Participant: 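Structure incoming, see below.
Only a predicted model underlies this, so the values are computations on that prediction, with no experimental measurement involved. Numbering starts at 1 and runs along the sequence shown. Every number for a ligand or one of its atoms is a count from 1 in the order of the listing.
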Amino acid sequence: MPTLEAPALPAVPTHSPAVARIVLIGFMGAGKSTVGSLLAESLGWQFVDTDHRVEQKHNTTVAALFAAHGEPTFRQHESLELARALGQQHVVIAVGGGAPEVLTNRLLLEQTPGTAVVFLDAPLPTLFQRCKAQEGASVRPVLQDAVLAEQRFRTRAPLYRRCAHHSITTESLSPAKTAQQIVELLTLQL
Ligand code: S3P
């Protein structure tokens, strides 16, 4: 009886695919949106801010969405926008500070080939200060209770670290310098 040979397995890539997407993660006030748009501009890539995408699509604000439908509904919309954005090439994506808390989002980040995840890190007082300075521009429902916000910061910190391929401490860096560091870290061509 002829023996059946096992089919050859596809070759396992020995190097990661070229970076086609950069995702910026970090707590509120980390600078994800500001750095992200600068970075996208210097690379000539598209910039997607998942909060803005949710707001545009539903013609509302994140704060109003939280108030009317609750955080779980916002998280569903956020995940959908993240998945959509990850389907694109040559895109810089800024996600909301809570996105990495959701397992599906972490899996999406981990399993989408060619995706570099960068954690923008800073101490909590600095983050609070930056958010305060931006107040009025956007209300962040998650910051309304300082004790809860601090708890979220502590819960999220290890998740940010685990999700990220690179971390940058932004405390003493301007957004432009941070964007430049990302280009250098990922050895991207401008
Ligand atoms: C949130 C952060 C916000 C926004 C929403 C919830 C969070 O985005 O997604 O208010 O849970 O940390 P930024 O991190 O861009 O402020």
Side-chain angles (χ1 to χ4, degrees), residues 21-41 46-86 91-106 108-109 117-164 166-171 173-175 178-179 182:
R21 299 163 206 90
I22 302 170
V23 183
L24 302 181
I25 62 170
F27 205 66
M28 291 162 280
K32 303 174 298 277
S33 304
T34 314
V35 172
S37 75
L38 288 172
L39 179 62
E41 197 182 298
Q46 205 196 328
F47 174 60
V48 172
D49 179 318
T50 55
D51 282 346
H52 286 165
R53 282 272 164 104
V54 171
E55 289 182 329
Q56 274 176 349
K57 199 158 144 204
H58 299 278
N59 196 24
T60 187
T61 62
V62 170
L65 219 150
F66 262 68
H69 302 284
E71 183 171 346
T73 301
F74 167 74
R75 296 292 166 207
Q76 283 172 6
H77 294 304
E78 181 179 54
S79 294
L80 193 69
E81 293 310 325
L82 173 61
R84 286 224 168 97
L86 286 172
V91 61
V92 178
I93 306 166
V95 293
E101 267 190 24
V102 179
L103 176 64
T104 326
N105 296 342
R106 296 203 297 277
L108 276 171
L109 293 178
V117 181
V118 181
F119 169 34
L120 302 186
D121 196 8
L124 191 58
T126 306
L127 295 167
F128 274 159
Q129 247 171 30
R130 288 183 189 160
C131 289
K132 228 178 152 47
Q134 293 166 2
E135 252 168 30
S138 60
V139 177
R140 291 171 163 104
V142 167
L143 275 188
Q144 301 314 302
D145 181 328
V147 176
L148 272 182
E150 183 165 351
Q151 273 173 17
R152 290 204 199 226
F153 176 79
R154 307 219 176 283
T155 316
R156 289 175 185 177
L159 294 175
Y160 293 146
R161 288 204 185 89
R162 221 179 303 152
C163 267
H166 302 278
S167 298
I168 298 182
T169 303
T170 65
E171 196 181 6
L173 290 179
S174 67
T178 309
I182 295 171

Participant: Run the numbers for me: atoms of ligand 1, each under 4.0 Å from some heavy atom of Val62, listed by number.
Facilitator: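 Counting from 1, the qualifying ligand atoms are 5 (C), 10 (O).
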Participant: Looking at residues at least two apart in the chain, or sitting in another chain, which of them share a ring pair (Phe, Tyr, Trp, His ring centres under 6.0 Å) with Phe66?
Facilitator: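 Partners of Phe66 by the ring pair (Phe, Tyr, Trp, His ring centres under 6.0 Å) criterion, ordered by chain and then number, come out as Phe74.
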Participant: Using a 4.0 Å heavy-atom cut-off, say whether Arg156 meets ligand 1 through its side chain, its backbone, both or neither.
Facilitator: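 Just the side chain.
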Participant: Under 3.5 Å between any N/O of Gly96 and any N/O of ligand 1: does that happen in this structure?
Facilitator: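 Between Gly96 and ligand 1, no N or O pair is found under 3.5 Å apart.
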Participant: Could you name the option among Arg140, Arg75, His52 that has the heavy atom nearest to atom 6 (C) of ligand 1?
Facilitator: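 Checking each option, the heavy atom nearest atom 6 (C) of ligand 1 is found in Arg75.
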Participant: As an exercise, state the distance from CD of Glu55 to NE2 of His77, rounded to the nearest 0.5 Å.
Facilitator: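 It is 12.0 Å, given to the nearest 0.5 Å.
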Participant: Judged by non-hydrogen atoms, does Pro141 sit under 4.0 Å from ligand 1?
Facilitator: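 Per 4.0 Å heavy-atom rule, Pro141 contacts ligand 1.
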Participant: I need the atoms of ligand 1 closer than 4.0 Å to a non-hydrogen atom of Asp51, numbered in the order shown.
Facilitator: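 Every atom of ligand 1 under 4.0 Å from some heavy atom of Asp51: 3 (C), 4 (C), 8 (O), 9 (O), 13 (P), 15 (O).
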Participant: Among pairs that include at least one residue of residues 28-39, which meet salt bridge (Lys or Arg N to Asp or Glu O under 4.0 Å), considering only residues two or more places apart or in two chains?
Facilitator: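 Passing the test, one end in residues 28-39: no pairs.
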Participant: In ligand 1, which numbered atoms sit nearer than 4.0 Å to a non-hydrogen atom of Phe74?
Facilitator: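 Matching atoms, with element in brackets: 9 (O).
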Participant: How far apart are the C-alpha atoms of Asp49 and Ser33, what are their side-chain angles, what is the distance that settles it, and do they pass the side-chain hydrogen bond (donor to acceptor under 3.5 Å, both in side chains) test?
Facilitator: CA-CA 7 Å; Asp49 179 318; Ser33 304; 2.7 Å; yes
Participant: Is any N or O atom of Arg152, backbone or side chain, closer than 3.5 Å to an N or O atom of ligand 1?
Facilitator: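 No - when backbone and side-chain N and O of Arg152 are compared with those of ligand 1, no distance drops under 3.5 Å.
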Participant: Using atom types as modelled and distance alone, determine if a side-chain donor or acceptor of Arg106 lies under 3.5 Å from a backbone N or O of Pro100.
Facilitator: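 Checking the backbone N and O of Pro100 against the side chain of Arg106, a donor-acceptor pair under 3.5 Å is found.
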Participant: So for ligand 1, is Lys32 a polar contact partner (N or O within less than 3.5 Å, distance only)?
Facilitator: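 Yes - when backbone and side-chain N and O of Lys32 are compared with those of ligand 1, one distance drops under 3.5 Å.
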Participant: As an exercise, identify every atom of ligand 1 less than 4.0 angstrom from a heavy atom of Gly97.
Facilitator: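 Listed by number with element, the hits are 2 (C), 8 (O), 12 (O), 13 (P), 14 (O).
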Participant: Salt bridge between Arg75 and Glu101, side-chain N to carboxylate O under 4.0 Å?
Facilitator: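 No salt bridge links Arg75 with Glu101.
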Participant: Taking atom CD of Glu71 as the centre, does the number of heavy atoms from other residues, nucleotides or ligands within less than 6.0 Å exceed 12?
Facilitator: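 Yes, because the 6.0 Å sphere around CD of Glu71 holds more than 12 heavy atoms from other groups.
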